Colleague: 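Have a look at this one before I ask anything.
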2 protein chains.
Amino acid sequence: MTVPQQASEGSRAVKRTIEFIRHHRLQKGDRLPSERELSDRFGVTRSSVREALAVLDALRLTERRPKSGIFLRNALEDSGLDSLVIQANLDLPFDERTMRDVSEARVIFETHAIRLACARRTDADLNRLRELVANYADRVQAELNVANEDVEFHLAMAAASQNAIIVRTLTPLFLMSFQWRQKYFSSPVIRRRSLADHQEFVATIADRDETRAAALVQKHVHSAFDEVRAMAEGNEQPESHNQWEGQDQ
Amino acid sequence: MTVPQQASEGSRAVKRTIEFIRHHRLQKGDRLPSERELSDRFGVTRSSVREALAVLDALRLTERRPKSGIFLRNALEDSGLDSLVIQANLDLPFDERTMRDVSEARVIFETHAIRLACARRTDADLNRLRELVANYADRVQAELNVANEDVEFHLAMAAASQNAIIVRTLTPLFLMSFQWRQKYFSSPVIRRRSLADHQEFVATIADRDETRAAALVQKHVHSAFDEVRAMAEGNEQPESHNQWEGQDQ
DNA sequence: CCTACCAATCTGGTAGGTCCAGATTGGTAT
DNA sequence: ATACCAATCTGGACCTACCAGATTGGTAGG
């Protein structure tokens, strides 16, 4: 995956802007301060602010009206899925509701993905999945973290559905959870359990057994989310309202 | 929806860069020319190029390695869904396979959305849907285009699922088809047929009739895509490989 | 007092320049 | 063939300047 570099000023400006929107509770249609004022506030150049605004525009969060101002196009919660990845990378917190929705959506999307994979998977898909599981097993044996390999495997299953849009939909849902995925897979017990599931996934896809595959998705994803939830509640400071905040690793 | 402004240099730089990647058939891991060279090629300032690269970074298409270069992180087809919206807004074409996948994904996602909507919709959701249909009916009566209203209605149905992630997933799938949606709804016959479907949607959601609702989604979406496909093939120049290219309106 | 109008001001868009420090690279000396 | 070092290239950030249209506030006219 990506090596966590230090955030550039441009990215910091994105973070500051999102925090500004949050803090001032700006709503759809509200106007942001001018680029010049934002650059003053944030202590960066207008160039950096403009870079950030270009990103927020791309995410459909803001709209820059020439000679007029910067306006909020959507509430933070209405932007595209890619903004979740960016928020996660910037260590911005998610609320409980978002995490619940992500969990539910992932089950729905991945269930369909694996159903399609059972129906349409090619031998090449199957071989790739077997390779990935073998590699996964090696790493589990070597007591290594498999957070990245887990994402790789799940995306490979999705790819076997032969529908690139489904893959592109699931990708951000995985990437946004990179932080706590790392924590989740720090447990050897969990790694072994996960490996067993993956092996079963491959078997069901090989047999084109949609029903068993779909059931397995439910179990696999739900248990993962339950586990993470439990971990978060265990480590949680009592006064923290948000157990899903990204953690530095 | 959004008024199509003239593209800024920053957006043009995005377009030029994507075209560059396409034209030179760059693959994952390949290196792009330096910012300075791109700004020369495109005839814009480095600032504009940097704005564009910030966007492509956010879309997970490129990766900027400080003091090293710009590298392709993903193939164009592996980026997030939001990039589809941007490509559509820049009048960049989609290939047939993407459109097929979008159609399939939309049916899957929206079917689940409406199932959840049947189970969970509140009275407020229902009222909003009725309002939207009433407005829709007025516009059909007045022989007005209902492209935007159609999106609004479908997103409102998705919102009734009480899962924001599903809404955020469907949104780009609608927005990317803004161009030909406009054409599709230029036909009064289609507008009337669509209105009838929407009225039936509301009825099924009111009755919480999941089965009928799901069946209706299949019919509604498939017929729409078939229609658009037929329209595109009809107007198509024989040598065009791509009938999904965005059209100016 | 209200309205119409106009000029100063503010805004985003773009250009062009500078400096920095680390990565890359190619040639040189060993 | 290898080790090393200096010139070069790269992205990151800052700064100033200009443009033209949108906005706005005050003024003149009704």
Side-chain angles (χ1 to χ4, degrees), chain A residues 2-18 20-21 24 26 29-74 86 89-90, chain B residues 2-18 20-21 24 26 29-74 86 89-90:
Chain A
T2 22
V3 188
Q5 303 277 357
Q6 85 242 358
S8 68
E9 290 303 319
S11 292
R12 294 196 338 100
V14 171
K15 183 173 185 175
R16 297 291 303 274
T17 308
I18 292 179
F20 181 92
I21 294 171
H24 292 268
L26 297 187
D30 285 353
R31 189 187 151 162
L32 276 75
S34 71
E35 297 181 348
R36 290 169 176 87
E37 187 178 338
L38 287 178
S39 74
D40 277 349
R41 275 181 193 269
F42 300 161
V44 297
T45 355
R46 189 150 87 99
S47 317
S48 299
V49 171
R50 281 188 60 78
E51 249 185 77
L53 292 176
V55 170
L56 297 183
D57 269 20
L59 299 173
R60 297 192 302 284
L61 260 169
T62 61
E63 182 184 349
R64 292 184 283 180
R65 303 205 193 120
K67 286 98 194 186
S68 173
I70 306 156
F71 298 85
L72 221 63
R73 187 197 295 264
N74 283 313
I86 292 179
N89 289 340
L90 294 175
Chain B
T2 25
V3 188
Q5 301 279 357
Q6 87 244 357
S8 69
E9 289 304 320
S11 293
R12 294 198 337 102
V14 172
K15 182 173 184 176
R16 296 292 303 271
T17 308
I18 292 179
F20 181 92
I21 294 170
H24 292 268
L26 297 186
D30 285 352
R31 190 189 149 159
L32 277 73
S34 71
E35 297 181 347
R36 290 169 176 86
E37 187 179 337
L38 287 178
S39 73
D40 276 349
R41 275 180 192 269
F42 300 162
V44 297
T45 10
R46 190 148 87 100
S47 319
S48 300
V49 171
R50 282 188 61 77
E51 250 186 76
L53 292 176
V55 170
L56 297 182
D57 269 20
L59 299 174
R60 296 192 303 285
L61 260 170
T62 61
E63 181 185 350
R64 290 183 285 178
R65 303 208 192 117
K67 287 98 193 183
S68 174
I70 307 155
F71 298 85
L72 220 63
R73 187 197 294 265
N74 284 313
I86 293 180
N89 287 342
L90 294 176

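Because the structure is a prediction, the values reported are computed rather than measured. The sequence lines fix the lettering, A, B, ..., with proteins before strands; numbering per chain opens at 1.
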Colleague: When rounded to the nearest 0.5 angstrom, what is the spacing between CG in B:L32 and CG in B:L38?
Modeller: 6.0 Å
Colleague: Between A:R64 and A:R50, is any pair of side-chain heavy atoms under 4.5 Å apart?
Modeller: yes
Colleague: Determine which nucleotide pairs with D:dG30, using a 3.5 Å limit on both distances of a Watson-Crick or G-U wobble pair.
Modeller: C:dC1
Colleague: Base, backbone or nothing for each nucleotide of nucleotides 11-19 of chain D, written B, S, -, heavy atoms under 4.0 angstrom, 5' to 3'?
Modeller: BBBBB-BB-
Colleague: For A:E63 and C:dG13, give me the distance from atom CD to atom C1', rounded to whole Å.
Modeller: 15 Å
Colleague: Name the one of B:D40, B:T17, B:V44, B:V14 that satisfies side chain to side chain contact (heavy atoms under 4.5 Å, CB included) with B:V49?
Modeller: B:V44
Colleague: Locate the shortest heavy-atom distance separating B:A13 from B:F42; write the atom from each residue and the value.
Modeller: O-CE1, 4.1 Å
Colleague: Please lay out, stage by stage, how A:F71 and A:R65 fare under the test side chain to side chain contact (heavy atoms under 4.5 Å, CB included).
Modeller: CA-CA 8 Å; A:F71 298 85; A:R65 303 205 193 120; 3.3 Å; yes
